[in-house]
Amino acid sequence: MSAILLEGRSGSIPRVETLSLPKPSHRDYVEDKRSVYWDNGLSKNWPCEEPTKFAGSKRVEDLSRHKDLQNFKENQDRPTAVTTVSDAAQKATATARVEALAQPKQVHRTWEPPKAPQSVVSEGAKNAEPSSRIEQLAKPKAVHEGPLKDGADVCEWSEWKSNVSEAAKKAEPRERTENLAIAKEPPSRYKPAKSPYWSSDSKVLNYTATERLGELAEPRKHKSIHEEDPNTWRVSAAALSYAASERTSELAQPLPRKQRVRE
């Protein structure tokens, strides 16, 4: 492919064509290698269509076998341990260190066991006798039953007869009592809250707007540049025949550091 790209050209190759060239293959690359896990060697008959035969080592075969349970039958309890304990191990005496490690870990000194959800009443509380004060507090509150009015029901608690005497009912208040009974007037500067609804006067409702107000009430219309002046972008003859000065031509040139020389 590279020969086709380079044919008919002379001189240096452009950078774009250099980048378009494919990456060269590794020197040890073998085309159509069937397996990436086993090294079949370069002397294999590659045109043969027979697939690769995979073979595991003896260690792989041993690991692939299931674990032998020593003639253990299904749904049958194992009577004894598989590993036999020697007589010396059975008669061995543990050292002080082993006995110390065999002791369970002590709980913290501030630890307390959780309380039972059921309250346990002691025998002393069951056989206790209440005092006179407790018996007095255990009694229900006494409700005073006053005389009912004629025709009133027992459940009508507001229908009791009044205990006010007839002389008190017919008594006349003094002048001082009447003065104190008068409601306090608001301050002189107090103003009540305004109503949230504004009432418009009939003159305002029947008012006719002037011509100037009508003009100000109209929304502003935005015209495009071509609608206002169709010759906006037309270049005049003087601008077309204008010759730029030497300074203008110098400023119009690109910066030297941004210019790249093509190869």
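Remember, it's a predicted structure, so these values are computed and weren't measured experimentally. Numbering of residues begins at 1 and proceeds along the displayed sequence.
By the 6.0 Å contact criterion, CD on Gln106 is open, its count of non-hydrogen atoms from other residues, nucleotides or ligands being 12 or less. Counting heavy atoms of neighbouring residues, nucleotides and ligands inside a 6.0 Å radius, atom CD of Glu215 exceeds 12 of them. Shown here is Glu185, whose CD atom has no more than 12 heavy atoms of other residues, nucleotides or ligands within 6.0 Å.
Taken from CG in Leu205 to NZ in Lys203, the straight-line distance is 12.5 Å, to the nearest 0.5 Å. Separation of atoms CG (Leu180) and CD (Glu175) is listed at 11.0 Å; rounding is to 0.5 Å. With rounding to the nearest 0.5 Å, the separation of CD1 in Ile182 from OG1 in Thr177 is 11.5 Å. Here the NZ-CD1 distance, from Lys139 to Ile134, works out to 13.5 Å after rounding to the nearest 0.5 Å. Here the straight-line distance linking atom CG of Leu216 with atom OG1 of Thr210 works out to 8.0 Å at 0.5 Å rounding. In this structure, Asn206 CG and Ser200 OG are separated by 11.0 Å, a value rounded to the nearest 0.5 Å.
With salt bridges taken as basic N to acidic carboxylate O contacts below 4.0 Å, none links Lys58 and Glu61.
A donor-acceptor distance shorter than 3.5 angstrom exists from the side chain of Ser241 to the backbone of Ala237, with no hydrogens or angles considered.
Under a 4.5 Å side-chain heavy-atom criterion applied to ILVMFWY residues, the cluster that includes Val235 comprises Leu240 as well.
Across all non-hydrogen atoms, the minimal contact from Pro173 to Glu178 is CG-OE2, 3.9 Å.
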